[in-house]
Amino acid sequence: MKLFTVGPVQMYARTLQEASKQLPYFRTNEFSQIMKDNERSLKQCLNLHDGSIVTLTGSGSAGMEAVVACSFRKSDRVLIINGGSFGARFVSLCKVYGIPYDTVSLAYGEALTNEHLSAIDGSVYTALLVNIHETSTGQLYDISILSRFVKQYHLYFIVDAISSFLADAYDMDAYGIDCTILSSQKALSLAPGISMVALRNRFYEEMIAPKDDICLYLSIKEHMKNMQRGQTPNTPAVGIILELHDMLSYIEEQSVAHMVAQTRKKAVYFRQKAQQLGLIIPDYPLSNALTPIYFPKGNAEEVYQYLKEHYDIYVTPSGGDLKTKVLRVGHLGDVTLSDYDALCEKIKEIL
Ligand SMILES: *Cc1c(COP(=O)(O)O)cnc(C)c1O
């Protein structure tokens with residue numbers, strides 16, 4: 001089986017080995033030390049100096065939900081960049097929790113530009129919420145445009161970087177990002193099941209700490225209290241936390257810049273080959289995490305099925321309106337340039 005998906009992705013041998021071990025009991029000093037180590041390392045990877053990391057057991061959407069539910073109330077108003085199904089998830093969360101919001105809505109294929117934001121009076125908002133890489137389309141939004149906007153209007157800047165972290169350059173301090181949401185199964189290439197929320201101290205103290213909880217399992221306050229001693233309120237996904245610990249030591253050895261460069265190299269290599277095959281790649285700015293391929297004849301599903309049935313190769317199908325038109329080829333995890341040679345050969349055979 002070969003996964004060119006965006007999560008879960010092809011896992012590294014070291015992670016599979018880590019995952020095969022007996023899990024330890026977790027209310028111990030040793031496990032607390034691992035949690036603290038993960039926090040230190042993730043802060044370094046994100047370039048967050050004054051902040052904390054909480055680890056939630058739940059997929060990335062749990063991280064999104066915890067942040068929305070614990071940070072905002074009816075008295076706030078947030079601005080959401082909605083350019084696909086993950087932007088729409090922030091919209092759904094605000095609806096469920098009764099948080100007033102507006103959106104910058106992008107049509108399929110429309111790139112986010114400065115003009116979208118310069119038309120908006122930001123002074124009515126508490127925060128800007130964005131999925132910096134909208135995974136459903138592959139668009140990577142220009143963080144400098146968004147950063148300028150939040151700085152101009154003194155908004156909190158909440159970024160879901162779940163599918164962009166380690167694939168594209170990212171820097172919380174440089175761009176004034178107050179909160180970053182990550183999850184285990186994208187570029188970290190671990191099993192799905194945990195999400196990590198990085199919180200700048202000021203954001204936590206001003207927006208989360210003073211509020212009464214409206215949920216318990218996803219309470220960021222409860223997680224922060226427990227994290228003082230390197231623990232979680234409930235039994236966490238112990239195994240994935242250990243996988244994370246192992247992966248972070250590898251990333252520290254290699255450097256984040258190296259990880260991003262490796263992913264970029266795969267993306268550039270595949271895009272060149274795909275263009276040689278006559279495949280259509282959209283022209284909006286793309287994350288290194290994946291390449292969307294547009295099938296004008298509407299045969300995306302057939303190509304997906306053929307690769308799966310004949311070769312046990314998985315690319316990422318699309319949902320909704322894009323189902324028959326767009327496949328996404330992932331560049332995360334343990335895939336090599338020669339894997340892309342093989343993939344392109346198979347695609348050529350189908351076409
Ligand atoms: C994968 C992903 C998520 C989380 O989805 P889950 O299925 O809950 O893990 C959230 N946002 C983005 C941008 C993603 O790519």
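All ligand and atom numbering here is 1-based and tracks the order in the structure.
Comment: D341 engages K273 in a salt bridge, judged by a side-chain N to carboxylate O separation of less than 4.0 angstrom. Using a cutoff of 4.0 Å between basic side-chain nitrogens and carboxylate oxygens, E222 and K225 are scored as salt-bridged.
Less than 6.0 angstrom separates the ring centroid of F149 from the ring centroid of Y153.
In this structure K325 satisfies the side-chain contact (heavy atoms from CB on, under 4.5 Å) test together with Y294, sequence neighbours excluded. Considering only residues two or more places apart in sequence or on other chains, H49 meets the side-chain hydrogen bond (donor to acceptor under 3.5 Å, both in side chains) condition with D173.
Near ligand 1, residues S59, G60, S61, M64, F86, R89, H133, T135, D160, I162, S163, Q185, K186 each place a heavy atom inside the 4.0 Å sphere around the ligand atoms.
Grouped with M11 in one hydrophobic cluster are L16, the linkage being side-chain heavy-atom contacts under 4.5 Å among Ile, Leu, Val, Met, Phe, Trp and Tyr residues.
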